[in-house]
Amino acid sequence: MALFSELGLSEDVIRSVENMGFEEATPIQEQTIPKAIKGKDIIGQAQTGTGKTAAFGIPLVEKMQEGLGQVLGIVLSPTRELAVQVAEELNKIGQYKGIQTLPIYGGQEIDRQIRALKKRPQIIVATPGRLMDHMRRRTIRLNEIQMVILDEADEMLNMGFVEDIQTILQEVPEDRQTLLFSATMPKSIQNLAQRFMKEPEFISVKAKEVTVANIEQHYLEVQEKQKFDVLCRLLDMQSPELAIVFGRTKRRVDELSEGLNKRGYSAEGIHGDLTQSKRDSVLRQFKEGTIEVLVATDVAARGLDISGVTHVYNFDIPQDPESYVHRIGRTGRAGKAGLAITFVTPREIGQLRLIEQLTKHKMIRKPVPTMVEAIEGQQRITMEKLLRVIAEEDLGPYQGLAKDLLEENDSVTLLAAALKMLTKEPDAIEIHLTDVAPLRSKAAQKRSFNPRGYGRNERGRNDRGYSKERGQSNDRGRRENKRGGWKPTSFPKG
DNA sequence: AAAAAAC
């Protein structure tokens with residue numbers, strides 16, 4: 001592996017990279033950086049966790065110049081949180097060279113962004129929609145752009161940003177340099193590259209690095225109804241420092257985080273229906289460790305780099321195998337060990353096998369923990385806490401009291417009472433979650449494709465008794481039906 | 001069928 005000091009970088013950049021704690025370049029960095037500095041267009045196939053941000057961030061910062069008063073580089077990002085994080089990393093890389101990076105994303109007060117733009121940052125990291133908003137308002141000028149980076153390009157295309165990206169690429173000067181990063185290389189990405197890139201060089205990180213080596217991967221076969229109790233037991237037994245729990249829908253994330261709080265865990269949810277300031281504050285609290293459990297939709301699956309995430313729980317198995325790789329990649333970062341645990345209902349076993357095929361990695365089946373094991377786990381935690389107090393705290397003020405107590409009681413009874421008080425015993429608060437629709441195979445989806453929107457879909461719902469019995473408002477069901485109804489525009493083309 | 005993203 002090459003050292004950063006051997007890659008032909010300027011002293012300022014080497015200094016900031018060393019300051020960030022990096023010495024050796026990762027494979028994707030070693031291959032990308034020299035070529036990008038020479039000015040070549042590059043297509044990089046790489047997952048998150050491979051050091052991708054620095055792979056494009058270092059050459060990007062190297063190419064920037066101070067004092068021109070223009071935006072010179074743009075990074076496009078699929079989610080707002082990722083934009084913020086990439087901007088933070090670029091600011092660190094540009095620290096000594098005096099290169100400023102500004103994140104530009106939706107949900108944030110636009111006047112604030114306009115004021116920040118007046119400080120003339122050289123680099124912008126943006127989500128497509130808000131960038132186009134600024135283009136229309138003429139609060140960003142793109143005519144001096146020298147370098148464009150498309151980060152997580154496949155994800156941006158999946159989210160329907162094709163046209164936005166095309167519009168943006170048409171607005172930047174033709175003689176710019178373009179780097180594109182994507183975990184997968186579908187035809188749509190190749191088309192985009194062919195249209196907007198100049199003789200791009202293809203760089204790929206080997207398939208065996210698709211899943212990160214230091215993440216242990218387990219799965220538990222559970223019934224839908226058991227999931228919540230099993231999750232609580234696992235949290236009790238494993239006592240993760242920081243854990244992320246992934247749920248399939250936004251509503252489910254709300255219910256899960258509420259349920260966890262009722263059971264005494266400090267959990268918060270994050271998904272796309274929350275206000276941006278709420279999303280920002282939840283993420284910040286999680287990074288600070290104020291929240292132990294982050295409950296998330298796939299909004300948090302990609303790219304987010306939160307150090308110290310020890311456990312990832314897939315409460316619902318992800319929809320597509322790609323998403324699994326991204327979710328578990330939130331743990332085991334920076335060489336640390338991580339554990340990923342996936343809940344699988346009996347009918348979802350096929351989905352699990354698909355994931356195993358993609359990752360070329362067999363997951364280890366684990367037994368569902370019993371209540372007794374969970375209690376033992378809690379007791380162990382209490383004991384460890386107690387021993388830590390003995391080692392670290394000043395017990396002087398309590399010793400007199402202890403002696404008094406010992407005159408009337410025997411020591412074992414006293415200690416047992418103290419341990420019982422300190423132990424969080426799993427309690428019987430009932431938590432109800434709305435069932436999620438079971439995953440169906442691609443083939444099954446095709447079979448039931450029913451553009452007229454009547455017949456088996458709605459009936460099937462009630463037959464399984466989802467919305468009715470829980471006494472939830474019929475209103476919600478109505479609204480969902482309305483939205484899910486027949487839309488002529490959603491017909492597949494061709 | 002779900003999630004994400006501009007006001």
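Letters go in sequence order (proteins before strands), and every chain restarts at 1.
Summarising the geometry, the separation between CG on A:D316 and P on B:dA3 is reported as 11 Å, rounded to the nearest angstrom. Here the P atom of nucleotide B:dA4 and the CZ atom of A:R251 are 14 Å apart, to the nearest Å. Note: CG (A:D164) to P (B:dA6) measures 9 Å, nearest angstrom. Remark: P of B:dA6 and CD1 of A:I140 are 12 Å apart, rounded to the nearest angstrom. As rounded to whole Å, 10 Å separates atom P of B:dA5 from atom CG of A:D273. In this structure, A:E155 atom CD and B:dA4 atom C1' are separated by 7 Å, rounded to whole Å. Atom CG in A:N158 sits about 17 Å away from atom P in B:dA2, given to the nearest Å. Taking atom CG on A:D298 and atom P on B:dA5, their separation rounds to 12 Å, with Å as the unit.
Contact between the side-chain N/O atoms of A:R279 and the OP1/OP2 oxygens of B:dA5 is found at a separation under 4.0 Å. In this model, the phosphate group of B:dA5 is not approached by any side-chain N or O of A:T79 to a distance below 4.0 Å at OP1 or OP2. Taking 4.0 angstrom as the limit, A:T297 places none of its side-chain polar atoms (N or O) nearer than this to OP1 or OP2 of B:dA2. In terms of phosphate contacts, A:R80 brings a side-chain nitrogen or oxygen within less than 4.0 Å of OP1 or OP2 of B:dA6.
Nearest nucleotide to the A:Q319 side chain, out of B:dA5, B:dA4, B:dA2: B:dA2. With B:dA6, B:dA2, B:dA4 as the choices, the nucleotide that has an atom nearest any side-chain atom of A:K250 turns out to be B:dA4. Comparing B:dA6, B:dA1, B:dA3 by their nearest atom to the side chain of A:R136 picks out B:dA6.
Of all non-hydrogen atoms in A:P369 and A:V230, the two that sit nearest each other are CD-CG1, 4.1 Å.
Looking at residues two or more places apart in sequence or on another chain, you find a side chain to side chain contact (heavy atoms under 4.5 Å, CB included) between A:M197 and A:D41, A:I43, A:T178, A:L180, A:A193, A:P200. In this structure, the side chain to side chain contact (heavy atoms under 4.5 Å, CB included) partners of A:Q65, at least two apart in sequence or on a different chain, are A:L68, A:Q146.
A:G160 comes within contact range of no nucleotide atom at all, as no heavy-atom separation falls under 4.0 Å.
Atom CD in A:E81 sits 8.0 Å away from atom OH in A:Y105 (nearest 0.5 Å).
Both cation-pi conditions hold for A:K227 and A:F315: the charged atom is under 6.0 angstrom from the six-membered ring centre and inside a 45 degree cone around its axis.
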